[in-house]
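All of these numbers come straight from a predicted model, not from anything done at the bench. Sequence lines set the chain letters: A, B, ... in the order given, protein chains first and strands last, and positions in each chain run from 1.
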There are 2 protein chains.
Amino acid sequence: MPSFKAAILGFGTVGEGVYRILQEKREEIRENTGFTVDVVTILVKDKTKKRKPISGVKITDNIRDILDDPEIDVVFEAIVGEEPAYTYLSDAIEKGCHIITANKKMFAKHGPALLKHAEFRNVQVGFEATTAGGVPVIRTVSNLLAGDRIKRIQGILNGTSNFILTKMREEGSPFKKALLDAQKNGFAEADPSDDVDGTDAFRKLMILSSLSFGQQPDWEDVPVVGIEHIQPIDVIDASKGDLRYRHVADIWIDDNDKLLGTVGPVLIGANHPLFSIDGVDNAIIIETEYLGQLTLVGPGAGMYPTGSAMVADLLHIIRQQEVVMVTN
Amino acid sequence: MPSFKAAILGFGTVGEGVYRILQEKREEIRENTGFTVDVVTILVKDKTKKRKPISGVKITDNIRDILDDPEIDVVFEAIVGEEPAYTYLSDAIEKGCHIITANKKMFAKHGPALLKHAEFRNVQVGFEATTAGGVPVIRTVSNLLAGDRIKRIQGILNGTSNFILTKMREEGSPFKKALLDAQKNGFAEADPSDDVDGTDAFRKLMILSSLSFGQQPDWEDVPVVGIEHIQPIDVIDASKGDLRYRHVADIWIDDNDKLLGTVGPVLIGANHPLFSIDGVDNAIIIETEYLGQLTLVGPGAGMYPTGSAMVADLLHIIRQQEVVMVTN
């Protein structure tokens, strides 16, 4: 039985989600692909932290245990922040590993370089989980690109902001109270600044931009506005006119073939596809030459949705492997 | 330059859409896949019908011109009805062609047999266009299946019905007037029975059932109700309670592992993902073990959306071919 050996960098919510799904679906994956997937090493920050023992898996705080292991075929990365994630993944590619990442901060900036590097080394890069969690927007756009043309992508790319705006409308809460609610429900980090000031949505938009248009606009040229300054009275006034505030990230090619982007709160009416997207969901409208508008809506975060997006990337890589084996 | 030779069965809206997209995107497809795609033969019912001449393409009313041509790699099928479509495609598979179909009536019934036959002959079957037109629901479900589990699929699978229900609500029209409107706008056939009595949605549901659950319920066990008997007063009363009629096809595994399906009008509230789907759009909610709910919304019909779904199937087939070539 051919097998895939995997390492996981980071064992927070997302890393653990990947591990659990690979365990729970071990048999199905074997049946569907003909491959077993074994997680052999997990990189953690603090090795002394108490955790349930995981049988057959090496827990390490030394990246060399992964990069120097010739057996490892694929590296899942679920760390936060640009570094050391970028360096680790770059080294993993160099040694011939496929990589699968959920790290949007790192990928917005270094994604194009990693993809080029991977092409050169003939390995694959999965980044479905960087954008809109469990919503398969990366795969969908990739599939569309070969025979169609993307004209515009707009979406609600940050679940925390959307949860807060929903609370403000439904309960008339001020921003700070809605944010506290989000934190209590596990929908916002202790430091929520990247989520509420638009930075997180901006990064995901840049990832979508590279994928859809083969380029990103100059980052300084994209206005990025958050939701911190929206007042309850604004939200209530909007509701009276049957309008809703949504925090929308938007990127499109204008009539002069210029790539333009914006991120910020937008007032939208009841016929807009984003009007009814409440709570922590993400939603993406893909506008193409042939399809018109295609809208995807689903969970933008969470252990299982994000973990399953990363596992889906792996299965895609394995299926290509499968074809190769069958034909040899 | 490796090339793919294609035949198209049927040159109505969908068949012509496929042809046009393949012409318009010829260069992009070549750049993206390394293959040129040449349409060499088109099967029509009436060869004497006046049409614009198509250079380099043989127009025929004899299926043997396609089945006996050893050069053809892929057959696009865009005929209406079970036969002769099923026989043609079965013969095409037997001679080693990939097939790509938009024929939901044929595929709901014969899809499982065609897929088995194709597996045996080591060719592929594309059927994205059979269900929800340009919305990539087949590809999305296929991708989810390997590492996740589908629990339920519900959706608006017939754009004609949805257009009529929308008109009845927005304009207070009776069913017959709304149907006439749909016909005038090109959103309903001269004989609209399959669309308005639920049969068309039922067929698409059976295709989704085979794909998602590996089986279909007994057809007689699925209650199928259309929209013909909904009165304007029903629609208006619903609106007063902030409810809307949607024609919903629904299939799920119950707690006893039994596969159940229904097709018919349902009253839904403002928080339901199908509430805001107006006009000819289709929408599908995929409920899985890991993702929760994923919703896809987009054009359920039309020359370019449906044609592009078929071309996307072809590109998927070609990409697998590509991997094979690279590794040999």
Chain A interface, residue from [options] that has the most non-hydrogen pairs under 4.5 Å:
options                        : answer
B/T288, B/I29, B/N143, B/N271  : B/N143
B/G292, B/S308, B/P273, B/A312 : B/S308
B/D278, B/I21, B/I285, B/D148  : B/I21

- Item | A/E170 atom CD: more than 12 heavy-atom contacts under 6.0 Å |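 Yes, the 6.0 Å shell around CD holds more than 12 heavy atoms from other groups.
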
- Greater than 12 external heavy atoms within 6.0 Å of B/E119's CD: no

Less than 4.5 Å apart, any side-chain heavy atom of [X] and any of [Y]?
X      : Y      : answer
A/P136 : B/T140 : yes
A/V135 : B/L294 : yes
A/M303 : B/Y290 : no
A/E289 : B/K25  : yes

- Item | Segment of A/L315 engaging chain B (4.5 angstrom heavy-atom cut-off) | side chain

- Toward chain B, the part of A/L145 with a non-hydrogen atom under 4.5 Å: backbone

- Value rounded to 0.5 Å, distance of CD1 in B/I277 from OG in A/S276: 7.0 Å

- Message: Just verifying a value: how many Å separate A/Q320 CD and B/R319 CZ, rounded to the nearest 0.5 Å?
- Response: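 Here the rounded value is 8.5 Å.
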
- Task: Look at A/G298, A/G134, A/G17, A/P305 and state which one has the largest set of heavy-atom pairs under 4.5 Å with chain B.
- Result: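 The candidate making the most pairs under 4.5 Å is A/P305.
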
- Specify which of A/A270, A/G147, A/G133 makes the most heavy-atom pairs with chain B at under 4.5 Å.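 Of A/A270, A/G147, A/G133, A/G147 has the most heavy-atom pairs under 4.5 Å with chain B.
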
